[in-house]
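This report refers to the structure that appears directly beneath it.
We name chains A, B, ... by the order of the sequence lines, and we start the count at 1 in each one.
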2 protein chains.
Amino acid sequence: MEKLTPRRRRRMQRVTMAEVAQAAAVSPSTVSLYLRKPGQVSPAIGARIAEVVEALGYVPSFVAGGLAAAGSRAVSVIVPTIQNDFFAGTIAALQAMLEPAGFQLLLGNTDYNPSREERLVRTALSWAPAAIVLVGLEHGRGTKRLLLGTPTPVFEIWECGGSPIDTAVGFHHREVGATALRHLAERGRRRLAFLGARMEEDRRARQRADGFTGAAAAAGLTPPLILGTRERASTEAGGRLLAEALAVPGRIDGIACSNDLMALGALFECQRRGINVPGALAVVGFGDLGFSASCVPPLTTIRPPSEAIGREVGRLIQERLGVAEPPDRPGTIDLGFKLVQRRSS
Amino acid sequence: MEKLTPRRRRRMQRVTMAEVAQAAAVSPSTVSLYLRKPGQVSPAIGARIAEVVEALGYVPSFVAGGLAAAGSRAVSVIVPTIQNDFFAGTIAALQAMLEPAGFQLLLGNTDYNPSREERLVRTALSWAPAAIVLVGLEHGRGTKRLLLGTPTPVFEIWECGGSPIDTAVGFHHREVGATALRHLAERGRRRLAFLGARMEEDRRARQRADGFTGAAAAAGLTPPLILGTRERASTEAGGRLLAEALAVPGRIDGIACSNDLMALGALFECQRRGINVPGALAVVGFGDLGFSASCVPPLTTIRPPSEAIGREVGRLIQERLGVAEPPDRPGTIDLGFKLVQRRSS
DNA sequence: AGCAAATTTCGTAGCGCTGCGATGCAAGCC
DNA sequence: GGCTTGCATCGCAGCGCTACGAAATTTGCT
């Protein structure tokens, strides 16, 4: 029984580790060891291997490596949208932490759709990533089941206060809303409104609105007007919602927005209508985006720890690298936020 | 010679395809076939497999699959930065095209650093992606060598006019600059300036500036003032550069910016100084970002085909899926751009 | 020098899956 | 009936690499 047709399989790589080993006159194990832990190989042989790698243009296969090592150097990040400076900042910071360690980011965006989130989590797990990062503490049944059943570390970011699957890194959105309200109250504002985008889907925006309302009650103020829109945050929506708020009887004198982009739109609307900010209307945003410090007037806003979240998660992932067990119990890291007062309030 | 210590290796998966096969009383090949091409398996057996998959919570391993199939369902995307609405839009569109086909995006950002680009390309290739997407036509020596040596399809996006490695999908930035200039000239502006960010690193911003200058010469105008900054585009930088431009003797009456964010900053600066736009100064941006239609005054800008690039690349990747050979010769797809006139000019 | 200990190198057995050809079996044809 | 044809299913040999333990070599110590 001999091979009649020698099976010819499609090859993936041009140069394999075995070829490098042969050219350097060492065993494949040594090449592998050198590539992973150069310190454990004698300098002479190391140099020889390095030379051959360079000469042959060898590129290791993470696919094969991941299979053999039962785990890849990839981190799955699943966010609602990347067209949003909040998450983009976190992702960039995370990437900056992870890149030196040779990690790759696997990106997915759910567009605030739970069933897409589940599909993405499933795909993510198929890659056997070193960790999986997703936004928020609320997930669909199926998603939760998938995540609870995996040994992969799970990081839930940009939210605090619920019960995380593994580790949460974020801050309290209710507290953000309450802070905005207290600030406006301190500035003497009494008739307030909250302008939000995507309030149905974005639980965190809703939490900020709730915190705003709650703090108003605590301060003995008239319940604030809560206005929302289905669309994503934009200056256009901000302008439109402000117009709506102004049309309501009983003149408002202060607003908070779920996003600086909305706040900027409100500022534009004020400019169009000749409303003095902060004289007639105080405006507080959320996000401290690129333009917030230099618009007219500069925007008072609440700065979330976007980059800090990315950095912290990056750090935790590396810390957990070798560790097989998840921590004894789920943990939450509250990174807080900061009110940045500028001239719009 | 018997196994004294039965080698125990770390397992990657909780449930493997073999276990699914056993539970469904079929061979692993059939499970694999069903998962990849359900139509080629009889309905009865297909249903049985589906049931077992669900019951066991089986998640296939793309790592093992990719190794066996010599190629993975991942697409590497390497951009200068994701903190920029331009590229974020392209990535989102690409993701939307690819997600239904089960692809994953591998993201990297170079921060406009060529050596980081090379490192990222190397990492990307290690994943044996179905395609690799990067921004621009200019790459370091090493990067180019890596890309020329791979059978993986390479897409260079957001630029046209050079010689692509494989396929380019973008538009002409020089032409963007020229269009901005011609528009300003038509509106009767004669003393012009161009405000750019990251001009050293961002070749495309430079090309827009060059096109602006070139068209000015062609129109017989005084050579425009070209002002740049090292930092990334921001309203703050836009305001500062406008201040610089206004300080130069010989009053300017029209500006073009390398980015709508810069243009917005210029508008803010005008507002602060009481300069009438477009009366005393016409402003043209680039990007048509979210706020551009609703700022004060609404911004005339040039809209790049951000999403169209993503969609087109997504389409091309799927088209190339089974095909082993790259197209006969490199190709370029010019998606054009559009001047959107609003009230700032 | 002689021996134990430490360090460096190697051989081998998979990781979980897919592609290829083979096999079995029912249907179609002369 | 004997033959081909077509279809569904199966068996097996890897894909390229890493973990593990063992072998070979060097080092340290008396």
| Spacing of B:W127 atom CH2 relative to D:dC17 atom C1', expressed in whole Å | 13 Å
| Roughly how far, to the nearest 0.5 Å, is the CD1 atom of A:I82 from the CZ atom of B:F87? | 11.5 Å
| remark: Of the candidates C:dC10, D:dG16, C:dG16, the side chain of A:S61 sits closest to D:dG16
| field | Test item: A:V169 and A:L335 side chains (from C-beta on) under 4.5 Å apart, heavy atoms | value | yes
| said: Looking at B:Q318 and B:M97, would you say the former's side chain and the latter's main chain have a donor-acceptor pair under 3.5 Å? | reply: yes
| said: Taking the minimum atom-to-atom distance to the side chain of A:S29, which one of D:dA19, C:dT18, D:dG16 wins? | reply: D:dA19
| request: Answer yes or no: does a side-chain N or O of A:Y58 lie under 4.0 Å from OP1 or OP2 of D:dC17? | output: yes
| task | For A:R36 and D:dG16, give me the distance from atom CZ to atom P, rounded to whole Å. | result | 18 Å
| task | Mind calculating the distance between CD1 (B:I49) and C1' (C:dC17) to the nearest angstrom? | result | 15 Å
| request: Let me know the distance between CE of A:M17 and C1' of D:dC15, rounded to the nearest Å. | output: 14 Å
| remark: Closest to the side chain of B:A69, out of C:dT18, D:dA8, D:dG16, is C:dT18
| task | May I ask you to verify if any side-chain N or O of A:S27 is less than 4.0 angstrom from the OP1 or OP2 atom of C:dT9? | result | no
| remark: By nearest-heavy-atom nucleotide on DNA chain D, the more 5' of A:G65 and B:A25 is B:A25
| remark: Walking DNA chain D from its 5' end, the first of A:P28 and B:L33 to be reached, judged by nearest nucleotide, is B:L33
| task | Report yes or no: does A:S126 contribute a side-chain atom to a donor-acceptor pair with the main-chain N or O of B:S61 at less than 3.5 Å? | result | no
| Among C:dC15, C:dC17, C:dT9, the one nearest A:L67 by side-chain distance | C:dC15
| message | Using whole Å, what does the distance between atom C1' of nucleotide C:dC25 and atom CD1 of B:I45 come to? | response | 13 Å
| request: Specify the separation, in whole Å, of atom CZ of A:R14 and atom P of D:dG16. | output: 13 Å
| remark: Separation of D:dC17 atom C1' from A:E19 atom CD, nearest Å, is 13 Å
| task | Measure the OH-CD distance between A:Y58 and A:E19 for me, rounded to the nearest 0.5 Å. | result | 10.0 Å
| What does A:V63 touch in the nucleic acid at a heavy-atom separation under 4.0 angstrom: a base, only the sugar-phosphate, or nothing? | nothing
| task | Round to the nearest Å and state the distance from A:Q40 atom CD to C:dA6 atom C1'. | result | 13 Å
